**Student:** 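One structure, as C-alpha cells, below. Some questions next.
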Amino acid sequence: MEVIWFVLFAILLAGYFALEGFDLGVGLLLPLLGRTREGRDRMVAAIAPYVLANEVWLVAVAGTLFGVYPLLEGEVLFELYPLVVAMLLSWVVRDAGLWFRRRLDGFRWQGFWDAMIAFGSLGLSFGWGMAIYAAATGFEAPAVHPVGVMLGAVVTLLFAFHGWMFLAWRAPGAFGASRSGRALAVSAFVAALPALGLLVGAMPYLLDHSAPPATLNVLSVMALPCAPIMLGAQIWVWRTFRPGKDAFRLPSFF
C-alpha cells in the first residue's frame with residue numbers, strides 16, 4: 001500500500017507541475033509578450049478555462065502529503081515556514097489578479113493586477129524550485145541556499161517555456177509559430193522533470209515515513225470516488241476548450 005500511495009503522490013505532483021506549470025508560465029510571460037492591453041487580455045483568456053481545474057491538483061498534492069506522510073507536515077511547515085508563507089501569498093496575489101483585473105475598466109487598475117499576476121507567478125515558480133531542493137536535502141539545508149536559488153531559476157525558466165508552448169498551441173499564430181499537441185506534451189514532461197527528480201531521490205525516505213497501513217486503507221476508501229471525478233473534469237476541460245475560434249473569449253468570472 002505504501003508503494004501504491006507513493007506512485008499516486010508522484011502522479012499528482014508531476015501532474016501539478018505539468019498542468020499548473022503552463023498557467024504560471026503564461027503569467028511569467030505576461031509583461032514580455034503582452035505588450036498591449038489586448039495582448040494581455042488574450043493571454044489571460046487562453047489560460048482562463050484551465051486555471052481552477054489545474055489548481056485542484058495542488059489541493060490533492062497537499063492532502064496526500066499531509067495524509068500519507070504526516071511526519072513531513074511539521075518539517076515542511078517549520079523548516080520552510082518563510083518560504084511556504086511566501087508561496088501562499090504569491091498564490092493569493094496571482095489568483096486575485098486573475099479575478100480582479102477585469103472588474104474595472106481603468107488602465108491603471110488592470111495594469112496593477114496584471115503586474116500582480118506576473119509577480120505571483122514568479123513567486124510560485126521560484127518558490128517551488130527552492131522547496132524541491134530543501135525537500136531533496138531532507139530539510140537540512142537553509143530555506144535560502146545558492147543551489148536552491150539556482151533550481152528556483154531553472155523551474156521558472158521551464159515554466160516560462162511551457163507557458164510559451166501552451167500559447168502557441170492554444171492560440172496558433174498569435175504568440176509565435178503554432179505547435180502541435182505532441183509538442184505541448186513534451187514541454188509538459190520537461191516542466192515535470194524537477195518534481196520527478198525529487199521523487200526518485202526521496203523515494204526511500206517517503207516509503208519509510210508513510211502513515212500506518214490502517215490509515216492508508218482509510219485514505220484509499222476516501223480517495224477512490226474522487227479520482228474518477230477529478231480525471232473526468234480534467235478531460236472535459238481539455239476537450240471542451242481545444243484551440244479554435246473561442247480561444248480568446250474570457251469567461252465571465254475573469
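Computed from a predicted model, the values in this text were never measured in an experiment.
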**Student:** Taking the side chain as every heavy atom from C-beta outward, state whether R101 and D114 have any atom pair closer than 4.5 Å.
**Tutor:**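 Side chain of R101 against side chain of D114, heavy atoms only: contact under 4.5 Å found.
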
**Student:** By side-chain hydrogen bond (donor to acceptor under 3.5 Å, both in side chains), which residues pair with W113, not counting sequence neighbours?
**Tutor:**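 Result, side-chain hydrogen bond (donor to acceptor under 3.5 Å, both in side chains) vs W113: none returned.
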
**Student:** Quick one: are P194 and L158 in side-chain contact, heavy atoms under 4.5 Å?
**Tutor:**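 A side-chain contact under 4.5 Å exists here.
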
**Student:** Grab the two heavy atoms, one from V155 and one from G129, that are nearest each other, plus how far apart they are.
**Tutor:**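 The pair with the smallest heavy-atom distance is CG2-CA, 3.7 Å.
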
**Student:** Pairs of donor and acceptor atoms involving the side chains of residues 117-126, under 3.5 Å and at least two apart or interchain, shall be tabulated with distances.
**Tutor:**
from, atom 1, to, atom 2, distance (Å)
S121, OG, I117, O, 2.8
S125, OG, S121, O, 2.8

**Student:** Are H162 and L184 side-chain neighbours, meaning at least one heavy-atom pair lies under 4.5 Å?
**Tutor:**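 With C-beta onward as the side chain, the pair touches.
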
**Student:** Can you name the residues that form a side-chain hydrogen bond (donor to acceptor under 3.5 Å, both in side chains) with W236, not counting sequence neighbours?
**Tutor:**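 Scan of W236 (side-chain hydrogen bond (donor to acceptor under 3.5 Å, both in side chains), adjacent residues dropped) gives T240.
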
**Student:** Is any side-chain heavy atom of Y50 closer than 4.5 Å to a side-chain heavy atom of E55?
**Tutor:**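 Side-chain contact under 4.5 Å: no.
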
**Student:** Give a yes or no on whether the backbone of F100 and the side-chain of W109 come within a donor-acceptor separation of less than 3.5 Å.
**Tutor:**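 Looks like yes, one N/O pair under 3.5 Å.
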
**Student:** Between M43 and L167, does a side chain to side chain contact (heavy atoms under 4.5 Å, CB included) hold up when you go through it step by step?
**Tutor:** CA-CA 7 Å; M43 292 175 70; L167 288 174; 3.8 Å; yes

**Student:** With V68, which residues qualify under side-chain contact (heavy atoms from CB on, under 4.5 Å), at least two apart?
**Tutor:**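 So V68 forms a side-chain contact (heavy atoms from CB on, under 4.5 Å) with W5, T64, L216, L219.
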
**Student:** Decide whether V237 and I235 are clustered together by the hydrophobic rule: side chain heavy atoms of Ile, Leu, Val, Met, Phe, Trp, Tyr closer than 4.5 Å, transitively.
**Tutor:**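 The answer is no; the residues belong to distinct hydrophobic clusters.
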
**Student:** With hydrophobic residues grouped by side-chain heavy-atom distances under 4.5 Å, do V147 and M130 end up in a single group?
**Tutor:**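 Looking at the clustering, M130 is in the same group as V147.
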
**Student:** How far does OG of S187 sit from CZ of F159, to the nearest 0.5 angstrom?
**Tutor:**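 CZ of F159 is found 11.5 Å from OG of S187.
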
**Student:** With the 4.5 Å side-chain cut-off for hydrophobic clustering, are V149 and I132 part of the same group?
**Tutor:**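 Per the 4.5 Å side-chain linkage, V149 and I132 are co-clustered.
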
**Student:** Side-chain atoms of residues 10-27: list all donor-acceptor pairs with protein atoms under 3.5 Å, sequence neighbours left out, distances to 0.1 Å.
**Tutor:**
from, atom 1, to, atom 2, distance (Å)
Y16, OH, W128, NE1, 3.4
E20, OE2, R94, NH2, 2.6
D23, OD2, N54, ND2, 2.9

**Student:** Is there a donor-acceptor contact under 3.5 Å from the side chain of R179 to the main chain of M165?
**Tutor:**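 Flag not set: sc R179 to bb M165 has no pair under 3.5 Å.
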
**Student:** Would L157 and L32 show up in the same hydrophobic cluster when neighbours are defined by side-chain heavy atoms closer than 4.5 Å?
**Tutor:**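 L157 and L32: separate clusters.
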
**Student:** Would you say the side chain of W91 lies within less than 4.5 Å of the side chain of L88, judging by non-hydrogen atoms?
**Tutor:**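 Of all side-chain heavy-atom pairs linking W91 with L88, at least one is under 4.5 Å.
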
**Student:** Are any non-hydrogen side-chain atoms of T36 and R40 less than 4.5 angstrom apart?
**Tutor:**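 No, their side chains stay 4.5 Å or more apart.
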
**Student:** For A185, check side-chain contact (heavy atoms from CB on, under 4.5 Å) against everything at least two apart and list the hits.
**Tutor:**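 Residues passing side-chain contact (heavy atoms from CB on, under 4.5 Å) with A185: none at all.
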
**Student:** Check whether any side-chain heavy atom of L89 lies under 4.5 Å from a side-chain heavy atom of V85, and answer yes or no.
**Tutor:**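 Yes; the side chains approach each other to less than 4.5 Å.
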
**Student:** Is any side-chain heavy atom of S90 less than 4.5 Å from a side-chain heavy atom of M116?
**Tutor:**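 Sidechains of M116 and S90: no contact.
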
**Student:** Under 4.5 Å between side-chain heavy atoms, counting indirect links through other Ile/Leu/Val/Met/Phe/Trp/Tyr residues: same cluster for W238 and L58 or not?
**Tutor:**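 Cluster IDs for W238 and L58 match.
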
**Student:** Restricting to non-hydrogen atoms, name the atom on A131 and the atom on L83 that form the minimum distance, rounded to 0.1 Å.
**Tutor:**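 Shortest heavy-atom contact: N-CD2, 3.6 Å.
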
